[in-house]
Chemist: 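Pasting a structure here, questions to come.
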Amino acid sequence: MNILFFGPNGSGKGTQGAILKDKYKTPHIESGAIFRDAISKGTELGKKAKAYIDKGDLVPDEITIPMILDRLKEADCKKGWLLDGFPRNRNQAVKLDEALKKAGMALDIVVEIILDREIAKNRIMGRRLCVNDNNHPNNIFIDAIKPDGDKCRVCGGSLKTRSDDQDESAIGKRHDIYYDTKTGTLASAYYFKDLAAKGGKMKYIELDGKPGVKAVTDELVSKL
Ligand code: AMP
């Protein structure tokens with residue numbers, strides 16, 4: 001299964017993505033996580049990406065597109081992949097589509113979580129990351145996934161915040177990019193939505209992101 005996952009920052013994309021990853025046993029390829037890992041290891045890629053990420057800007061396409069297309073060629077992606085955080089603009093969507101066609105690969109499922117900008121912003125500011133596993137959901141503003149005191153509700157691990165999660169202007173910029181239907185992330189989602197509407201086997205699934213995590217998961221599972 002080759003899957004793309006769209007949703008604004010704060011829509012629960014990581015949580016729902018993890019469910020798909022487990023169901024289809026695909027690697028979960030998260031562009032943001034690749035950058036954060038590179039930054040923490042102090043690699044060249046990390047050094048180049050950090051300034052953009054701290055400001056809430058996109059890392060330039062010249063860096064991001066080859067990084068992701070190379071990642072999809074690795075051995076663990078042979079049987080499928082779940083891509084999350086990429087494509088983030090229309091150009092990345094076009095380049096991904098071209099690269100897939102060239103490699104004789106097809107997209108099977110595209111998921112879009114639909115959520116209001118204001119709700120998404122509040123959710124981001126409440127998000128806490130577990131030091132043991134990024135996929136452990138913790139959010140101080142969402143009752144269903146409230147941390148256990150200051151510890152991870154899943155494993156009891158310590159929690160931290162992402163610096164770009166607490167910066168309103170950076171969140172605003174990330175959402176400007178996401179909600180831009182002309183050249184931004186929604187434009188890239190709609191690029192694939194248009195392709196799906198033209199026929200073929202690709203399934204485009206829209207999910208309402210407003211209800212709690214479990215309800216969104218149920219909707220997702222029912223539509224797969
Ligand atoms: P995320 O974890 O998806 O919120 O990504 C964190 C940051 O990494 C973003 O705000 C961007 O600066 C950068 N980033 C992640 N994915 C991409 C992408 N596809 N293109 C450009 N920059 C990206």
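Remember, it's 1-based here, ligands and their atoms both numbered in the order they're listed. In what follows, every heavy atom counts, from backbone to side chain, and hydrogens, waters and symmetry copies are set aside. Predicted model, so just to flag it, every value in this text is computed and none were measured.
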Chemist: Considering heavy atoms of the protein only, find what lies nearest to atom 11 (C) of ligand 1 and give residue, atom and distance to 0.1 Å.
Modeler: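 So the nearest neighbour among protein heavy atoms is D57 O, 3.5 Å.
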Chemist: Could you check whether any side-chain heavy atom of L96 comes within less than 4.5 Å of a side-chain heavy atom of L72, counting everything from C-beta outward?
Modeler: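 They are in contact (side-chain heavy atoms under 4.5 Å apart), so the answer is yes.
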Chemist: Near F86, which atoms of ligand 1 are under 4.0 Å from a heavy atom of that residue?
Modeler: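 Those atoms are 19 (N).
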Chemist: Excluding sequence neighbours, so at least two apart, what forms ring-ring contact (aromatic ring centres under 6.0 Å, His included) with Y179?
Modeler: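 Partners of Y179 by the ring-ring contact (aromatic ring centres under 6.0 Å, His included) criterion, ordered by chain and then number, come out as H175.
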Chemist: Could you check R174, R123, R128, K121 and say which one makes a salt bridge (Lys or Arg N to Asp or Glu O under 4.0 Å) with D165?
Modeler: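 Looking at R174, R123, R128, K121, the match for D165 under the salt bridge (Lys or Arg N to Asp or Glu O under 4.0 Å) is R174.
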Chemist: Drop me the distance from T217's OG1 to E219's CD, to the nearest 0.5 angstrom.
Modeler: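 Result: 10.0 Å between the selected atoms.
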Chemist: How about NZ on K173, more than 12 heavy atoms from neighbouring residues, nucleotides or ligands closer than 6.0 Å, or not?
Modeler: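 Yes, because the 6.0 Å sphere around NZ of K173 holds more than 12 heavy atoms from other groups.
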Chemist: Is the contact between I53 and ligand 1 made by the side chain, the backbone, both, or neither, using heavy atoms and a 4.0 Å cut-off?
Modeler: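 Both the backbone and the side chain of I53 come within reach of ligand 1.
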Chemist: Under 6.0 Å from the NZ atom of K79, do we count more than 12 heavy atoms belonging to anything else shown?
Modeler: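 Not more than 12 within 6.0 Å, no.
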Chemist: In the protein, what heavy atom is nearest to atom 16 (N) of ligand 1, and what distance, to one decimal place, separates them?
Modeler: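 Checking every protein heavy atom, the shortest distance to atom 16 (N) of ligand 1 gives S31 OG, 2.7 Å.
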Chemist: Rounded to the nearest 0.5 Å, how far apart are NZ of K198 and CG of L195?
Modeler: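 Those atoms lie 5.5 Å apart.
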Chemist: Yes or no: does R162 have any heavy atom under 4.0 Å from an atom of ligand 1?
Modeler: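 Contact present.
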Chemist: How close does the nearest protein non-hydrogen atom get to atom 19 (N) of ligand 1, and which residue and atom is it?
Modeler: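 I find the closest protein heavy atom is G85 O, 2.9 Å.
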Chemist: Please determine whether any non-hydrogen atom of K55 lies less than 4.0 Å from an atom of ligand 1.
Modeler: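 Heavy atoms of K55 never come under 4.0 Å of ligand 1.
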Chemist: Who's the nearest protein heavy-atom neighbour of atom 22 (N) of ligand 1, and how far?
Modeler: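 Residue, atom and distance for the closest contact: V59 N, 3.0 Å.
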Chemist: Among R88, R174, K50, whose heavy atom sits nearest atom 9 (C) of ligand 1?
Modeler: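 Heavy atom nearest to atom 9 (C) of ligand 1 belongs to R88.
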Chemist: What residue and heavy atom of the protein are closest to atom 4 (O) of ligand 1, and at what distance?
Modeler: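 Result: N9 ND2, 3.0 Å.
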Chemist: Residue-level breakdown please: for Q92 versus ligand 1, do any non-hydrogen atoms fall below 4.0 Å on the side chain, on the backbone, on both, or on neither?
Modeler: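 It is the side chain that touches ligand 1; the backbone stays farther off.
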Chemist: Answer yes or no: is there a side-chain heavy-atom contact under 4.5 Å between V154 and D133?
Modeler: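 V154 does not reach D133 side chain to side chain.
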Chemist: Given E30, K13, R36, which has its nearest heavy atom closest to atom 2 (O) of ligand 1?
Modeler: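 Of the listed residues, R36 has the closest heavy atom.
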Chemist: Does a sphere of radius 6.0 Å around CD in E168 hold more than 12 heavy atoms from other residues, nucleotides or ligands, not counting ones at 6.0 Å or beyond?
Modeler: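 Result for CD/E168: open.
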Chemist: Give me the nearest non-hydrogen protein atom to atom 23 (C) of ligand 1 as residue plus atom name, then the distance to 0.1 Å.
Modeler: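 I find the closest protein heavy atom is F35 CE1, 3.6 Å.
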